[in-house]
Trainee: 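Mind having a look at this structure? Questions to follow.
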There are 2 protein chains.
Amino acid sequence: MRSTPRTEAFPAHTPAAAQIFTTVLSHGPLTRSDMAGRAGLSAAAVTKAVRPLIEAGYLVEEAGDEARPALGRPANSVRVDGGRALFIGVKVTGDEIIALLTDLCCRIRVARHVPLRGREPQPVLTAVADLVQELLAEADGFGVQVQGIGVAVSGDVDRAAGEVRLSPFLEWRDLPLGELVEMTTGLPVTVDNDVRALTVAEQWFGAGVGLSDFAVVTVGAGIGCGLVVHGKVVSGAHGVAGEIGHVVIDPTGPLCHCGNRGCAEAIAADPAIVAAVRDATGLPVADAAQAVELARRGDPGAREVYARAGDAIGRAIATVANLMGPERVIISGEGLAAYDLFAEQIRDAFAASAFGTAARCDLLTRPLAFDEWARGAAATAIQSFIGGPPHGTG
Amino acid sequence: MRSTPRTEAFPAHTPAAAQIFTTVLSHGPLTRSDMAGRAGLSAAAVTKAVRPLIEAGYLVEEAGDEARPALGRPANSVRVDGGRALFIGVKVTGDEIIALLTDLCCRIRVARHVPLRGREPQPVLTAVADLVQELLAEADGFGVQVQGIGVAVSGDVDRAAGEVRLSPFLEWRDLPLGELVEMTTGLPVTVDNDVRALTVAEQWFGAGVGLSDFAVVTVGAGIGCGLVVHGKVVSGAHGVAGEIGHVVIDPTGPLCHCGNRGCAEAIAADPAIVAAVRDATGLPVADAAQAVELARRGDPGAREVYARAGDAIGRAIATVANLMGPERVIISGEGLAAYDLFAEQIRDAFAASAFGTAARCDLLTRPLAFDEWARGAAATAIQSFIGGPPHGTG
DNA sequence: GGTGATTCTTTTCCGTCGTCAATGAAAGAA
DNA sequence: TTCTTTCATTGACGACGGAAAAGAATCACC
C-alpha cells in the first residue's frame with residue numbers, strides 16, 4: 001500500500017515571484033531581462049524572485065546558445081522544469097471519465113479513460129478514485145510527487161467552494177465534489193467548469209498566452225464559451241458565464257431544450273445536426289460521424305445542414321466579439337472534426353455580423369484532442385498549485 | 001481676462017489611499033473601521049491613508065450621530081467634501097453640446113447646452129471651448145478650481161490616447177480631441193466613449209456601486225451597452241465593446257444601417273420605432289415623442305411596435321446576461337421615456353431567454369435625465385483626477 | 001463621581017518587497 | 001590587453017502595510 005501522498009508548497013512567497021514564474025511557464029525559456037520587461041519589474045526583483053525557484057528546482061538555467069546578438073555578455077535563459085511536479089486532470093462526462101497525468105508544463109505523460117455506467121455521485125466517485133490511484137502509481141514510476149488534481153465538470157461549478165452546484169448532464173446538484181475527491185486521494189483538488197478549465201489551459205499553455213482578452217468557443221455535444229477579460233477568466237456573478245449556446249440565432253428555428261427556438265446549440269451542436277441531417281435526408285443517421293461522412297460524400301441535404309450550423313456558429317461568435325471585443329476567438333471542440341464542412345460559413349457569418357473594429361478579432365481553430373478537456377482540468381490544478389495572482393497581460 | 005487655470009495633484013500617493021478615497025466617494029460617509037473592512041486593509045493603514053486626504057481637504061470628518069450602538073467609543077464618520085474640487089463634463093452629440101459643472105461627488109452645479117450647426121471639428125471645438133469658458137467663469141463664482149474636463153463622444157474612442165478614432169455620428173476620424181481641448185482650456189482632459197462614460201458614472205456614483213460585474217444598457221437614438229467585468233470597464237482589445245445594438249434579434253427583421261437584418265438597434269432604437277409606427281399606422285409620425293403619444297393613446301399598431309421593441313431589448317439584455325453573467329443590468333437612455341409601453345415585454349423576453357442562473361441577474365431601470373451623458377463625462381474626469389487603481393469590488 | 005467594559009482610532013515598531021545605483025561577469029572588438 | 005557592451009547580482013534604501021499596544025471616547029455599574 002502506498003503511503004499518503006505528501007504535497008509541498010510552491011515557493012513563490014511574493015506576488016512578483018508567482019508572476020515571474022507564470023511568465024516563464026507561458027512564454028518558454030526567457031532571459032532574466034526579458035522577464036523584467038514582460039512582468040514590469042526591475043532586473044533586481046527578477047534575480048531575487050528567480051533564485052528560490054531555481055533552488056527549489058522549479059526553474060532551471062538553460063544553455064541558451066541560440067542567436068546571440070554577438071555583443072555584450074550573453075544572456076542566460078531560464079525555463080520551467082516540467083518534470084519537477086506532476087498533476088492529474090480529470091474530466092467527467094455523462095458517459096466516461098478521462099484522466100491524465102501531466103507535468104508542470106501541462107504536457108501529457110499518461111492518459112486513461114473508462115466508460116461510465118451510472119451517474120450517481122457514488123459510482124462516479126469510485127471510478128474517479130480508481131483512475132487517480134492508477135495514475136498515482138504511474139507517477140511513482142517517474143519518482144515525482146503529484147501535487148494536485150483538477151476535476152472538470154460541465155454545468156454550474158463553484159470553483160472557490162469546490163462544489164458542483166448543478167450539472168444537468170450528470171444530474172448532480174450541490175455536490176461538494178472537491179471535498180469528496182480530496183478525502184479519497186489526500187491531494188489538493190480544484191473543481192471547475194469544463195469550458196472554463198479549457199480556457200485556463202489556453203490562457204496558460206495555448207493560443208491565449210499573452211492575451212488579456214480572448215474567448216474560447218467549443219463546438220460539440222453542446223456549444224460553450226469561455227471568456228477571458230482583463231486577463232482573468234470570467235465566472236459571472238452567479239457562477240455562469242459564456243452561455244453562447246443559448247444565444248438565439250433564429251427565432252423561427254428548431255426548439256431547444258432550454259425552451260426557446262433557434263438557440264445556437266439547437267442548430268449547430270452535434271445532436272441538432274444529427275437530427276437535422278436525418279430530417280433532411282430521411283436516412284437513419286445515428287451520430288455525428290455518420291452525418292459528417294454523409295456530407296463529405298456530397299449529400300446536398302447534409303451539406304446544407306452543416307452550412308446552416310456554420311452560419312449559426314459564426315453569428316454566435318460575432319455576438320461575443322461585438323459584446324466583449326476580444327483580441328482572438330479560439331474555436332475548438334469535438335465538432336471541429338467537421339470543420340471543413342462549415343469553415344467558410346463560420347468566417348462569412350462572422351465577417352458579416354461583426355460590427356466595426358470587432359471584426360479585427362482573430363479567429364483561430366484548434367483541433368481538440370479527446371483528452372484536451374482533461375488537460376484543462378490539469379491546468380486548473382497547476383494554477384491552484386502556483387497560486388498567486390491571475391495571469392497578467394504579459 | 002482669467003489667468004490660466006492651475007490644477008493640483010490629488011494627494012493619494014499610494015494605491016491604498018486611492019482605494020480608500022473611492023470607497024468613501026461611492027459609499028458615502030464611512031467610519032474608518034468600515035473602510036478597513038471594505039478595502040481589506042488594516043485599521044492602521046486606513047488612518048495613515050486618510051490623514052493626508054483630510055489635511056488636503058478632500059475628506060472631512062463628519063459628526064455622525066446617527067444610531068450609535070450605544071456601547072464603546074463612538075465612530076467618526078468621514079465623507080468626501082464634494083465642494084473641494086470641480087469638474088466639467090461635456091457630451092458632444094450630432095446636434096448639440098451639453099456641458100456640466102459638477103463637484104467632486106459628481107453632483108451637478110451648473111448645466112449648459114447649445115445647439116450645434118456644423119460637425120466639422122473646428123466649429124465643434126470652438127463651441128466646446130466657449131461653453132467651457134462659461135463654466136469656468138461660474139466655477140470662479142464658487143471660488144473653487146476646476147480640476148479636469150471629461151468629454152464623451154459616441155463611437156470608437158481611445159481613452160488612453162485621448163483620440164476619437166471613428167465617430168460615425170460626427171463623421172470624425174483619428175481626431176486628437178483630448179490634446180485639442182487641453183490646448184484651448186489648459187486643463188487635463190479625459191476623452192471617452194459616451195456609453196463607457198455613463199458606465200463609469202454608474203460604477204462610481206450610481207446603481208453599479210459595489211458591483212464587480214454589471215452592465216448598462218442604453219436605449220434611445222441607438223442601443224448601447226457598457227460592461228463592467230472584474231471591477232473594470234471593458235474596452236475591448238480593439239477599443240470597441242458592448243455593441244449590443246448589433247446583436248441580431250430576428251434575421252428576417254428590418255434592415256439595419258450596419259448591413260444586417262434585425263439588429264436590436266434596427267428594431268428598438270428611436271428611428272426604427274418611428275419608422276415602424278409610421279408603417280403600421282400610415283400616420284406621418286415625425287419623432288419618438290409622437291410615436292409614444294400615439295401608443296399611449298391606445299393605437300394598436302403603435303403599441304405592437306413598442307411590444308416588439310421591448311421584446312428585442314429584453315432578448316438583447318438576456319444575451320449579455322448569458323455571456324457575462326452580470327449581477328445587475330441597468331437600463332437607461334432617452335428611450336426609457338416609453339418604458340411603460342414595453343416594460344412588460346422586456347422583462348418577459350429577458351426571463352424567457354436568460355439561461356439558468358443568468359436569470360437571477362437583476363434588471364433595474366434608471367430614467368436618464370438629459371444631462372446624464374455629460375455627467376458620465378464628468379465622472380471620467382473625476383476618475384482620471386483621482387487616478388489610482390480602478391474601482392474595486394468593495 | 002469613580003471604575004470598568006467596550007469599541008474605535010492612533011501610534012509605534014517592524015518585516016517585506018521592490019527600486020536604485022553601483023559592482024561584477026562574460027563575451028566580442030580594437 | 002583593454003575597452004565596450006550587455007546581462008546579472010548585490011547591498012543600501014525607502015515605501016508600504018500589518019501587528020500589537022496604547023490612547024480615546026462613550027456607557028454601565030457601583
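Below, chain A is the first sequence line, B the second, and so on; all start at residue 1. In this text the structure is predicted, and so the values were computed from the model without any measurement.
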Trainee: Roughly how many Å is it from CD in B:E61 to C1' in D:dA24, rounded to a whole number?
Mentor: 13 Å

Trainee: Looking only at the side chain of B:A16 (C-beta and beyond, no hydrogens), which of the listed nucleotides D:dT9, C:dT6, D:dG17 gets closest?
Mentor: D:dG17

Trainee: What's B:A44 touching, base or sugar-phosphate or nothing? Going by heavy atoms closer than 4.0 Å.
Mentor: base

Trainee: Check every strand shown and say whether B:S33 touches a base, only sugar-phosphate, or nothing at a heavy-atom separation below 4.0 Å.
Mentor: sugar-phosphate

Trainee: Starting at CG of A:N76 and ending at P of C:dA26, how long is that distance when rounded to a whole Å?
Mentor: 9 Å

Trainee: Just the rounded figure in Å: distance from P of D:dG23 to CZ of B:R32.
Mentor: 19 Å

Trainee: Determine whether more than 12 heavy atoms belonging to other residues, nucleotides or ligands lie under 6.0 Å from atom CD of B:E61.
Mentor: yes

Trainee: I want to check something: taking the side chain as every heavy atom from C-beta on, are B:I149 and B:P188 in contact at a cut-off of under 4.5 Å?
Mentor: no

Trainee: Can you tell which of C:dG18, D:dA25, D:dG18 lies closest to the side chain of B:P74?
Mentor: D:dA25

Trainee: How about B:L86 and B:T102: do any of their side-chain heavy atoms sit closer than 4.5 Å?
Mentor: no

Trainee: Taking CD from B:E62 and P from C:dT9, how many angstroms apart are they, rounded to a whole number?
Mentor: 13 Å

Trainee: State whether B:Y58 and B:R84 meet the cation-pi test: NZ (Lys) or CZ (Arg) under 6.0 Å from the six-membered ring centroid, and within 45° of the perpendicular axis.
Mentor: yes

Trainee: Would you say B:T14 places a side-chain N or O within less than 4.0 Å of OP1 or OP2 belonging to D:dG17?
Mentor: yes

Trainee: Rounded off to whole Å, could you give me the CD1-to-P distance for the B:I54 and C:dT10 pair?
Mentor: 8 Å

Trainee: Please report the distance, rounded to the nearest Å, between NE2 in B:H13 and P in D:dG17.
Mentor: 13 Å

Trainee: Could you tell me whether the side chains of A:S384 and A:R159 share a donor-acceptor contact shorter than 3.5 Å?
Mentor: yes

Trainee: Would you state whether a donor and an acceptor, one from the side chain of B:K48 and one from the base of C:dT11, lie under 3.5 Å apart?
Mentor: no

Trainee: Rounded to the Å, how far apart are A:R73 CZ and D:dT6 P?
Mentor: 14 Å

Trainee: Would you indicate, yes or no, if D:dT10 has its OP1 or OP2 atom less than 4.0 angstrom from a side-chain nitrogen or oxygen of A:R51?
Mentor: yes

